[in-house]
Undergrad: 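Could you have a look at this structure, given as structure tokens, before my questions?
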Amino acid sequence: MSNSVPKLFGTLVFNDKVMKERLPKETYKALRHAVESGTALGIETANVIANAMKDWAIEKGATHYTHWFQPMTGITAEKHDGFLTPIGEGEVIMNFSGKELIKGEPDASSFPSGGIRATFEARGYTAWDPSSYAFIKNGALCIPTAFMSYTGEVLDKKTPLLRSMNVLGKQAARVLKLFGKNVAVNTTVGPEQEYFLIDRDMYLKRSDLMITGRTLLGARPPKGQELEDHYFGNIKPRVMAFMQDLDRELWKFGIYAKTRHNEVAPAQHELAPVFASVNIATDHNQLTMEIMKKVAEEHGLHCLLHEKPFAGVNGSGKHNNWSMSTSEGENLLSPGKNPENNLQFLLFLTAVIEAVDKHQDLLRLSVASAGNDHRLGANEAPPAIISIFLGDELTSILENIECGKPYCKKGGVKFTTGVDSIPLFTQDTTDRNRTSPFAFTGNKFEFRMLGSAVNISCPNVMINTAVAEALDSFAGKLEKSTDFEADVLKLIKTSYAKHKRIVFNGNNYSKEWEEEAAARGLLNLKSTPDALIRYDSEENVKMFEKFKIYTAAEIRAREEILLENYSKVLNIEALTMIDMVNKQILPAVYAFSSDLAEGVARKGACGVKAHAELDLLKKISALTDSAYDAAGKLSDTVIEAKGITDFKESAFFYRDNVLPAMQELRMSCDALETMTDRDYWPIPTYCDLLFY
Ligand code: ADP
Ligand code: MG
């Protein structure tokens, strides 16, 4: 295969270029029309596309096809079917029909449905999303699809995302029409992905990493990230080899991997792609996570995507850069060069502010998971409080519009508050507030609360729908306007005044902010259960039903699935911990302390006082007793948790009882680690894992 990047790029993708080459003109046109208008594809067209896809895939060595979908488990799912079709005596042909391309019927009864399918038929179907290209992975043609139950309930993460894109596109276009523009609008997203790389042999020696993705035990290493020498630091040759291979793999899938660097914590790195339309960005991010794991393995490494693999060391997140862009290529969050565009920009900016303030809970719950709970609010990621960073300049423009005063740009140049009052913006890189959960960064918003493992679909469904709701209300008012510019300003003024409590440019990590946010009436949903139980609030249900993103039943199903998942994760963690402590940690310290005791006795027989050994022996014995008791207590707590049938009650019980019991057990074990002879300690330490 060629080494040149442009030649390599997209070689595994049935992309626009390939379609143009391989499809009859009419078919290609029909497909483009279906994608652009969001309408269904005729079966004849589908047959022609399927056949061309199959021929292309077979040339590339594929033998199977699969509908590649994103169920509520958070990972992607696939079930492979062969192209081969028997014809007569022992002969086969390779076949793939339009029907098979458009619709698949996996036996999907084992995917979580939050009780939806139990009451209907336990089957679902998948439907091709022609706006995301098919690709080849592991010898199979993968067809990006949506996943639904037979009665139409949505069971996946892709369908609501596609719906929310449409809804936002429609409302944004409505507003732009009032500005004299006839365009379509798309959501653009660029997710920055953080991850840890550790040695695979070390990884295989720790069942907590293998089963739960994070270390449940482990004393802090003498050196963490305090020297800040890892961030943007030199990349080790072994890691560099991985990164180079990873980039090449991603490029083959048409993924615009662009930036790679070391992150804050030791062994932590980041990859950022160039932004794309949100459904493609989502598919690509899911693929990226999968390919990262695979390439790491080939390099004798293991890629950890957990939000908090190591206590006391920065965890991993995902920054979701979000904007809206028109079919003419105009970024609606770019302040622009022409004053008349600035008024438009301010209106869209205000819509985002209103949306985020009104639906803080949805944004917060879209990133809620047991793993992410370890990061949010722990001085390494934004707190659990949602707020927006606008920067001084934009804030003072909006403040001035609110009180009807002229805006005074720094340096004394005066502007009036009219349309021509908005100064030119240049993308600002110095004025960045790294502590803000939702920051305006020049021409886009960066939502920084996402955990590294999350599927970015859900957070974008929330942003898209909430902004669509605000734009819908704006358009409704402005369509009746007789003095457009004056009414736009009035609208910005009223909306900003009502929602400006969400704007905060200061340090989000400070204790004072938590107090101020409470005084402002902002939500502070500290844990996953706190956030998730707000999913089905009256306001949220109303919005989702109005825009046909989810039905009330689907929302309740999602809430149930996610709360259950939280309990399950904690249950698995607790059981893994108990197992490690009983079978590895305690036996190791029994052996060490018994040898110590023997040493003390032997020295004593010689008339020598073994002061050090005796002292250590006493300390270790006391801690061993604590660990033993704490493990017993954790076991009892887990058994009690298992007995709770209500999913909400169960989630809160795990949070309030199981988590603290795990913490207590960990404290004794980590203290024991610091006192136990290295040769006796049965699992790799933080030093072994982080510094290789
Ligand atoms: P950082 O936040 O680390 O400084 P960059 O400035 O390199 O990162 O950009 C972060 C991400 O923002 C990239 O994935 C980039 O493609 C994306 N991005 C840039 N413009 C837009 C946009 N208009 N819409 C969505 N994402 C964008
Ligand atoms: Mg960033």
Side-chain angles (χ1 to χ4, degrees), residues 161 164-165 168-169 172 176 183-195 228 230-233 243 246-247 250-251 254-265 268-289 292 314 316-337 341 344-345 348-349 351-352 380-382 388-391 425-450 452 454 456-457 459-464 467 508:
L161 181 65
S164 76
M165 281 170 73
L168 177 61
L176 287 173
V183 286
V185 176
N186 205 353
T187 320
T188 53
V189 164
E192 300 163 60
Q193 176 74 49
E194 291 181 344
Y195 60 96
E228 291 170 345
H230 193 256
Y231 191 53
F232 283 13
M243 286 179 170
L246 175 64
D247 276 346
L250 295 174
W251 292 334
I255 296 171
Y256 312 107
K258 194 167 163 72
T259 316
R260 55 192 189 199
H261 62 76
N262 284 351
E263 259 302 325
V264 178
Q268 192 185 32
H269 315 280
E270 183 185 292
L271 178 140
V274 178
F275 67 94
S277 163
V278 64
N279 64 322
I280 297 191
T282 305
D283 287 357
H284 281 180
N285 184 249
Q286 290 295 111
L287 259 179
T288 299
M289 292 192 285
M292 275 177 165
N314 263 15
S316 299
K318 187 138 62 187
H319 290 175
N320 189 82
N321 294 273
W322 179 94
S323 190
M324 295 162 280
S325 154
T326 71
S327 40
E328 312 270 278
E330 180 187 357
N331 177 355
L332 296 179
L333 291 179
S334 173
K337 286 183 184 150
N341 284 350
Q344 177 196 306
F345 159 73
F348 277 97
L349 183 72
V352 177
E380 59 171 60
I388 295 181
F389 168 82
L390 285 181
F425 280 91
T426 43
Q427 197 161 337
D428 191 346
T429 45
T430 51
D431 189 25
R432 285 201 177 175
N433 186 328
R434 290 267 154 207
T435 67
S436 173
F438 204 92
F440 185 74
T441 49
N443 61 357
K444 62 192 186 292
F445 275 99
E446 191 171 336
F447 185 25
R448 301 193 179 119
M449 280 172 118
L450 286 75
S452 47
V454 79
I456 63 170
S457 165
N460 286 299
V461 168
M462 303 310 180
I463 304 174
N464 288 354
V467 174
N508 282 259

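For ligands, and for the atoms within them, numbers begin at 1 and follow the listed sequence.
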Undergrad: When you measure from the heavy atoms of Val274 to every atom of ligand 1, does any distance fall below 4.0 Å?
TA: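 Within the 4.0 Å threshold, so yes.
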
Undergrad: Are any non-hydrogen side-chain atoms of Lys318 and Asn285 less than 4.5 angstrom apart?
TA: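 Side-chain contact under 4.5 Å: yes.
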
Undergrad: Which one of Pro273, Ser325, Ala272 has a non-hydrogen atom at the shortest distance from atom 15 (C) of ligand 1?
TA: Pro273

Undergrad: Does any N or O atom in Glu192 lie less than 3.5 angstrom from one in ligand 1, N or O only?
TA: yes

Undergrad: Hey, which atoms in ligand 1 end up nearer than 4.0 Å to a heavy atom of Gly190?
TA: 14 (O), 25 (C), 26 (N)

Undergrad: Does the side chain of Ile463 come within less than 4.5 Å of Thr187's, by heavy atoms?
TA: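 No. Closest side-chain heavy atoms not under 4.5 Å.
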
Undergrad: Atom CG in Leu271, atom CE in Met243: separation rounded to 0.5 Å?
TA: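 Here the rounded value is 8.0 Å.
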
Undergrad: What atoms of ligand 1 come closer than 4.0 angstrom to any heavy atom of Ser323?
TA: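 Answer for ligand 1: 22 (C), 23 (N), 24 (N).
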
Undergrad: What do we get for Glu446 next to ligand 1 when only non-hydrogen atoms under 4.0 Å count, side chain, backbone, both or neither?
TA: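 Near ligand 1, Glu446 shows its side chain, while the N, CA, C and O stay back.
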
Undergrad: Under 4.0 Å, heavy atoms only, figure out whether ligand 1 is touched by the backbone of Asn321, its side chain, both or neither.
TA: both

Undergrad: Anything under 30° is parallel, anything over 60° is perpendicular, the rest tilted; go ahead and classify Phe345 against Phe440.
TA: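 Taking Phe440 first and then Phe345, their aromatic rings sit tilted (interplane angle of 30° to 60°).
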
Undergrad: Backbone, side chain, both or neither: what part of Lys258 comes under 4.0 angstrom of ligand 1, heavy atoms only?
TA: neither

Undergrad: Would you please classify the geometry between the Phe447 ring and the Phe438 ring as parallel, tilted or perpendicular, with 30° and 60° separating the classes?
TA: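 Judged by the thresholds at 30° and 60°, the geometry between Phe438 and Phe447 is tilted.
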
Undergrad: Please compare Phe275, Tyr256, Phe445 and report which has the shortest non-hydrogen distance to atom 27 (C) of ligand 1.
TA: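 It is Phe275 whose heavy atom sits nearest to atom 27 (C) of ligand 1.
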
Undergrad: May I ask you to decide if Lys444's main-chain N or O and Ser323's side chain share a donor-acceptor pair within less than 3.5 Å?
TA: no

Undergrad: Will you find, in the side chains of Asn279 and Ser277, an N or O donor that is under 3.5 Å from an N or O acceptor?
TA: yes

Undergrad: Should Thr188 be counted as touching ligand 1, given the test is an N or O pair under 3.5 Å?
TA: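 So ligand 1 has an N or O lying under 3.5 Å from an N or O of Thr188.
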
